[in-house]
There are 2 protein chains.
Amino acid sequence: MYICSMYSSELIKGTLKTIVLNLLKDNQKMYGYEISQKVKSMTDDKIQITEGALYPTLHALEKQGDVITEKVYIGKRVRKYYTLTDQGKVTRTERVNEFSDFMKTMKFLLDLDIATPNV
Amino acid sequence: MYICSMYSSELIKGTLKTIVLNLLKDNQKMYGYEISQKVKSMTDDKIQITEGALYPTLHALEKQGDVITEKVYIGKRVRKYYTLTDQGKVTRTERVNEFSDFMKTMKFLLDLDIATPNV
DNA sequence: CAAATATACATTTGATTCTTATGTATTCCA
DNA sequence: TGGAATACATAAGAATCAAATGTATATTTG
């Protein structure tokens with residue numbers, strides 16, 4: 001699987017955990033490959049998560065207690081399902097809010113906003 | 001100068017060049033310290049660019065031909081002014097458009113958008 | 001007027017996060 | 001039956017940033 005994003009890779013940096021956490025909130029239980037395909041289809045191939053980025057991210061989320069895993073065998077092939085913990089739900093909200101706020105700041109900084117009237 | 005951003009540092013990654021290029025477009029000619037202060041004040045201290053990030057970024061922009069520099073002495077103290085080249089203006093537009101598009105994609109991905117009616 | 005703070009440049013080290021590449025194995029389909 | 005898709009994983013290297021450190025001048029304030 002050879003993957004590359006249409007965006008300068010730098011932009012994606014720092015948003016991967018947020019994306020994963022948010023998908024897990026909406027879909028309750030997902031496995032790695034499913035997450036990568038979901039992001040790809042939802043963004044019209046604009047964001048394509050590499051495996052080298054995704055799996056370490058998932059492992060990190062598990063290590064820090066934001067997700068728990070469950071192995072399921074489909075025939076002889078294993079799938080590792082990820083589910084948000086209560087802590088993960090909190091982290092998700094924090095991350096999404098932070099990103100949302102960051103976008104507002106950047107919009108202003110890059111003149112992408114129409115001036116809002118004061119008072 | 002001790003600096004830290006209120007955002008997870010990862011989020012800023014990849015946006016620094018865009019921010020600098022855009023400021024130079026609006027202000028024509030700026031020096032490093034001025035840029036860091038401008039970003040700080042424009043974002044209500046939310047984004048504070050560290051020197052260890054800013055100066056290498058400015059040097060990189062110069063190396064790749066997006067800015068030219070000019071040294072000015074204020075008394076005995078030197079200031080290095082940065083100005084966008086024609087190429088830098090193109091780069092700025094590309095970067096800002098790319099970021100703008102990325103924000104739209106992320107907004108959709110993070111459910112920050114109200115569903116738009118089809119047709 | 002001395003000390004602290006602000007101005008102004010710069011580099012080095014280390015952390016983090018990603019891409020690229022590689023590895024293993026199963027399943028499906030043409 | 002052989003390539004593509006599914007499904008996991010890790011290692012090496014690149015890029016970008018924060019933190020720390022260094023040098024020096026100018027201004028402010030007690």
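Computation of the quantities below employed the complete heavy-atom set of this structure, encompassing side-chain atoms and omitting hydrogens, waters and symmetry-equivalent molecules. Computed from a prediction, not measured in an experiment: that's the story for all the values here.
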Quiz item: Looking at residues 54-65 of chain B, who's got a heavy atom less than 4.0 Å off DNA chain D?
Solution: B:Thr57
Quiz item: A:Leu54 versus A:Val20: any side-chain heavy-atom pair under 4.5 Å?
Solution: yes
Check the interface with nucleotides 27-30 of chain C: list each N/O to N/O pair with the protein under 3.5 Å, or write none.
unit_1	atom_1	unit_2	atom_2	d
C:dT27	OP1	A:Lys76	N	2.8
C:dT27	O4'	A:Arg77	NH1	3.4

Quiz item: If each of A:Gly14 and B:Val78 is mapped to the nucleotide of DNA chain C with the nearest heavy atom, which maps nearer the 5' terminus, i.e. the 5' end?
Solution: B:Val78
Exercise. Give, for atom CG of B:Asp26 and atom NZ of B:Lys38, the distance between the pair rounded to the nearest 0.5 Å.
Key: 8.5 Å
Quiz prompt | A:Tyr82 side chain, from C-beta outward: closest of D:dT6, D:dA9, D:dA18 | solution = D:dA9
Quiz item: Hey, can you pull the residues of residues 17-32 of chain B with a non-hydrogen atom under 4.0 angstrom from DNA chain C?
Solution: B:Tyr31, B:Gly32
Quiz item: Hey, does B:Gln28 have a side-chain heavy atom less than 4.5 Å from the side chain of B:Thr83?
Solution: no
Self-check item: Phosphate OP1/OP2 of D:dA9 contacted by A:Lys80 side-chain N/O (<4.0 Å)
Solution: yes
Exercise. Taking only Lys NZ, Arg NE, NH1 and NH2, and the carboxylate oxygens of Asp or Glu, determine whether A:Glu70 and A:Lys29 approach each other closer than 4.0 Å.
Key: yes
Quiz item: For A:Tyr31, is the NZ or CZ atom of A:Lys80 found under 6.0 angstrom from the centre of its six-membered ring and inside 45 degrees of the ring axis?
Solution: no
Quiz item: Would you say a side-chain N or O of A:Thr50 is under 4.0 Å from OP1 or OP2 of C:dT19?
Solution: yes
